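The figures that follow rest on heavy atoms only: side chains count, while hydrogens, waters and symmetry mates do not. Since we're looking at a predicted model, the values are computed, not measured.
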Amino acid sequence: MRQYLCECSACKNQYTLWFDQEPFPILGDSFPRQCLNCGKATPFQRVATRKARSELRAIEEERALREAISAECRRRGFTCTFLYQSVVIQTAVAHWKFDYHVARKTLWHESTYQVNLETGIPAVRHKQFEERKISWQEVISYIDRHDQWKAKQQKKES
């Protein structure tokens with residue numbers, strides 16, 4: 001349940017309204033409510049409070065961060081999928097996953113091959129590095145270097 005300061009578009013009176021179901025209105029959305037002053041259902045809008053502006057700024061920053069990660073992955077020939085606050089990067093050699101919000105990142109690595117070709121043992125997930133202070137750009141760069149190294153190894157074997 002959330003409460004927001006909202007304004008009646010007819011009489012311009014402001015009321016604190018409670019919302020118990022998603023989707024919650026964002027700044028700029030219009031929604032019908034019964035106005036206590038007008039006595040009828042009129043369109044309401046959220047008032048641009050500090051909290052509302054902060055929510056919009058957080059939404060925009062998240063969108064920009066996701067777009068930057070997607071653009072970097074496309075530039076390097078990877079595909080990426082976002083799961084809540086994590087990103088899964090798929091390359092020709094492996095799948096990688098890390099939480100892009102935290103300062104100390106743990107990179108999970110999973111081979112696309114179900115069996116390790118060198119040993120014959122089933123491939124498993126493992127941590128590439130744990131709780132290391134590193135930026136998301138450095139993580140993607142590491143993934144790219146790892147895939148280039150793995151491609152060279154595969155060329156040598158064949």
The reported gap from CD in Glu22 to CZ in Arg2 (rounded to nearest 0.5 angstrom) is 6.5 Å

Heavy-atom closest contact (Arg46 atom, Cys6 atom, distance):
CG-SG, 4.0 Å

What's the verdict on side-chain contact (heavy atoms from CB on, under 4.5 Å) for Asn13 and Leu36, showing C-alpha distance, side-chain angles and the deciding distance?
CA-CA 9 Å; Asn13 281 353; Leu36 299 175; over 6 Å; no

Might you point out which heavy atoms bring Tyr100 and Glu62 nearest each other, and give the distance in Å?
OH-OE2, 2.5 Å

Qualifying residue for ring-ring contact (aromatic ring centres under 6.0 Å, His included) with Phe19, from Phe44, Tyr4, Phe24
Tyr4

Could you tell me the separation between the CD1 atom of Ile143 and the CD1 atom of Ile89, rounded to the nearest 0.5 Å?
4.0 Å

What verdict does the side-chain contact (heavy atoms from CB on, under 4.5 Å) test give for Phe78 and Asp144, after you've listed the backbone C-alpha separation in whole Å, the side-chain angles of each residue and the deciding distance to 0.1 Å?
CA-CA 9 Å; Phe78 306 150; Asp144 192 26; 3.8 Å; yes

Nearest-0.5 Å distance, OG1 of residue Thr16 to CD of residue Gln14
9.0 Å

Please check: side-chain N/O of Gln34 versus main-chain N/O of Gly39, any donor-acceptor pairing under 3.5 Å?
yes

CH2 of Trp149 to CG of Asp147, rounded to nearest 0.5 Å, is 10.5 Å

Could you tell me whether the side chain of Ser9 and the main chain of Pro43 form a donor-acceptor pair under 3.5 Å?
yes

Check the hydrophobic clustering (I, L, V, M, F, W, Y; side-chain heavy atoms under 4.5 Å; chains of links allowed) and say if Trp18 and Tyr15 are grouped together.
no

Separation of Gln85 CD from Leu65 CG (nearest 0.5 Å):
10.0 Å

Note: Glu60-Arg63 ion pair, threshold 4.0 Å (strictly below):
yes

Test side-chain contact (heavy atoms from CB on, under 4.5 Å) on Gln45 and Glu7 and set out the steps.
CA-CA 5 Å; Gln45 284 190 333; Glu7 181 177 82; 5.6 Å; no

So, taking the atom named CG in Leu56 and the one named CG in Leu27, what distance separates them when rounded to the nearest 0.5 Å?
5.0 Å

Tell me whether Leu17 is reachable from Val47 by hopping between hydrophobic residues (I, L, V, M, F, W, Y) whose side-chain heavy atoms are closer than 4.5 Å.
no

Shortest non-hydrogen contact between Gln3 and Lys51, atoms and distance:
O-NZ, 4.1 Å

Using the rule side-chain contact (heavy atoms from CB on, under 4.5 Å), only one of Val88, Val87, Ile134 pairs with Phe98; which is it?
Val87

Phe82-Trp96 co-clustered via ILVMFWY side chain contacts under 4.5 Å
yes

Checking Arg74 against Ser70: is there a side-chain donor and acceptor pair closer than 3.5 Å?
no

Tell me, with the steps shown, if Arg76 and Ser141 meet side-chain contact (heavy atoms from CB on, under 4.5 Å).
CA-CA 9 Å; Arg76 296 178 186 261; Ser141 178; 4.0 Å; yes

